[in-house]
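Before any comments, here is the structure.
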Amino acid sequence: MRVLIAGASGFLGAAFADRLRAGGHGVVRLVRRPATAPDEVSWQPATGELDPAAVADVDAVVNLAGSPISTSIGRLRLPIRPWTAGYRKQFHSSRVDTTATLARAIAAAARKPSVFLAGSAVGWYGDTGDTAVDEQAPAGHGFFPDTCRVWEAATGPAERAGVRVVRLRTGFPLHRAGGLLGPQLLPYRLGLGGPLGSGRQWLPWISLTDWLAAASFLLERDDIAGPVNMVGPAPVRNAEFAKTLGSLLHRPAVIPLPGAVLKLALGEFGRDALASHRVLPGVLTNAGFRFSHPDLRSALAAALAS
């Protein structure tokens, strides 16, 4: 299979490209500069520029592009960042513009790919409190659900052109190199880790190994389309995540970050960071997907050992 990937230099995109190559598949990377290698194609998603011929040459398209929520201060990586009006706009456009550009190119291609895996997020559901939800649940309310609605709707041209579209509602992938876990390792190793706010909010984690395996599974399963929750089968409360990570690192994890401080420092995103997402992988479970790391402890142990 020949796969075109947007966001191939990012945390998930780079890992997925490596997995595909290891499996004998060809990978073509979309880049926002002149292409300099045989496996690169230039595009400009901000202005909707992508030659449909590039899409006609592949069997599948994957969009994992998007500005990160985390940020860096020198060598210190933080799992969250100031949520300014400018960054909210960038966060939104980096997802919607890429998806829309790819979907239009797919629709216009003389030979269409068989599948479009389009990134999305569990932010679709908003704050679910203690209520467990699967893919049948409607969108919530707020910045993230609103963004996810537009993000997913941008796949429309590809879907209307008859291409199988899978919308990957990703939770929090676990790996020491990035995602939710990477930026938190230094504070935890210094004994400064702990829950956010009350710690009662639910966290929909997934091991990187399982995320990659699920994405590969969805490339091949031509009977699956629509939203798919890319999360593990056992979400945990934030306090349990902190306790489990501290235990594996042999460090205390009892220093909470008060919700009021988080909201003051990060504004609107501080509130969203405290939201509860009790999200379950209904489609994957019903399709028979087998998780290598079905519980948080095994997922964190694998992430720390990798």
Side-chain angles (χ1 to χ4, degrees), residues 1-33 35-46 50 54-55 57-72 77 79 90-103 105-106 113 115-123 147-148 151-152 154-155 158 165-183 205-220 228-231 303 306:
M1 183 179 288
R2 186 171 168 84
V3 184
L4 181 70
I5 300 183
S9 62
F11 168 59
L12 287 177
F16 193 42
D18 287 344
R19 179 186 173 95
L20 289 170
R21 292 189 191 99
H25 301 291
V27 172
V28 181
R29 299 174 296 125
L30 286 170
V31 297
R32 304 184 198 200
R33 53 170 172 74
T36 58
D39 67 341
E40 292 181 346
V41 170
S42 181
W43 74 325
Q44 295 299 326
L50 174 61
V55 175
D57 191 39
V58 300
D59 304 299
V61 175
V62 180
N63 183 24
L64 300 173
S67 298
I69 289 177
S70 62
T71 189
S72 299
R77 287 179 297 162
Q90 179 182 329
F91 182 91
H92 182 279
S93 63
S94 68
R95 286 156 173 78
V96 175
D97 292 350
T98 54
T99 303
T101 299
L102 285 166
I106 289 170
V115 60
F116 179 22
L117 298 189
S120 185
V122 295
T147 296
C148 287
W151 192 4
E152 293 193 7
T155 64
V165 175
V166 182
R167 295 183 283 277
L168 308 177
R169 292 180 182 167
T170 295
F172 297 98
L174 301 178
H175 191 271
R176 65 179 183 177
L180 172 70
L181 181 60
W205 56 270
I206 184 171
S207 74
L208 179 61
T209 297
D210 281 333
W211 191 96
L212 296 172
S216 296
F217 179 82
L218 293 167
L219 276 182
E220 302 288 347
V228 177
N229 291 337
M230 302 289 278
V231 298
S306 58

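Note that these values count all heavy atoms, side chains included, but never hydrogens, waters or copies made by symmetry. For this chain, numbers begin at 1 and follow the sequence in order.
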Task: Side-chain donor or acceptor of Glu152 paired with backbone N/O of Cys148 under 3.5 Å - done: no

- [ ] Rounded to the nearest 0.5 Å, what's the gap from CG on Asp18 to CG on Leu212? Could you check?
- [x] 9.0 Å

Task: Beyond-backbone contact of Asp39 with Val27, side-chain heavy atoms, under 4.5 angstrom - done: no

Open item on the list: Between Thr170 and Trp211, do the side chains contain a donor N or O and an acceptor N or O under 3.5 Å apart?
Closed with: yes

Task: Separation of Arg167 CZ from Asn229 CG (nearest 0.5 Å) - done: 12.0 Å

Open item on the list: Going by the rule side chain to side chain donor-acceptor pair (under 3.5 Å), which residues pair with Trp151 if we only count those two or more places apart in sequence or in a different chain?
Closed with: Thr99

TODO: Under the side chain to side chain donor-acceptor pair (under 3.5 Å) rule, collect the residues that match up with Ser216, sequence neighbours excluded.
DONE: Arg19

- [ ] Specify the closest pair of heavy atoms between Leu181 and Ala303, including all atoms of both residues, with the distance to one decimal.
- [x] CD2-CB, 3.6 Å

Open item on the list: Let me confirm one number: the CD-CZ distance from Gln44 to Arg32, rounded to the nearest 0.5 Å.
Closed with: 8.0 Å

Task: Full working for side chain to side chain contact (heavy atoms under 4.5 Å, CB included) between Leu4 and Leu30 - done: CA-CA 7 Å; Leu4 181 70; Leu30 286 170; 3.8 Å; yes

Open item on the list: Would you compute the distance between atom CZ of Phe11 and atom CG of Leu180 and round it to the nearest 0.5 angstrom?
Closed with: 9.5 Å

Open item on the list: For a quick test of reading the model, state the closest non-hydrogen atom pair linking Val165 to Ala158 and the distance between them.
Closed with: CG2-CB, 4.1 Å

Open item on the list: Ignoring hydrogens, what is the shortest heavy-atom contact between Ser94 and Gly66? Give both atom names and the distance.
Closed with: OG-CA, 3.5 Å

Open item on the list: The test is side chain to side chain contact (heavy atoms under 4.5 Å, CB included); show your working for Met1 and Leu219 and say whether it passes.
Closed with: CA-CA 10 Å; Met1 183 179 288; Leu219 276 182; 4.2 Å; yes

Task: Distance-minimising heavy-atom pair for Pro173 and Leu12 - done: CG-CD2, 4.0 Å

TODO: If a pair satisfies salt bridge (charged side-chain N to carboxylate O under 4.0 Å, His left out) and one of its residues is in residues 2-16, list it, with sequence neighbours excluded.
DONE: Arg2-Asp57

Task: pair Ile206-Phe172: side-chain heavy atoms closer than 4.5 Å - done: no

Open item on the list: Quick check: closest heavy atoms across Ala54 and Leu50, and the distance to 0.1 Å?
Closed with: CB-CD1, 4.3 Å

Open item on the list: For Pro45 versus Thr101, what's the shortest heavy-atom pair and its separation?
Closed with: O-OG1, 3.3 Å

Open item on the list: What's the separation between atom OG1 in Thr147 and atom NE2 in His92, rounded to the nearest 0.5 Å?
Closed with: 4.5 Å

Open item on the list: Between Ile106 and Val61, is there a side-chain heavy-atom distance shorter than 4.5 Å?
Closed with: yes

TODO: Applying side chain to side chain contact (heavy atoms under 4.5 Å, CB included), run through Leu218 and Leu117 and close with a yes or a no.
DONE: CA-CA 8 Å; Leu218 293 167; Leu117 298 189; 4.2 Å; yes

Open item on the list: Once rounded to the nearest 0.5 Å, what's the spacing between atom OG1 of Thr155 and atom CG of Asn63?
Closed with: 10.5 Å

TODO: Begin from the C-alpha positions of Val62 and Phe116 and carry the test side chain to side chain contact (heavy atoms under 4.5 Å, CB included) through to its verdict.
DONE: CA-CA 6 Å; Val62 180; Phe116 179 22; over 6 Å; no

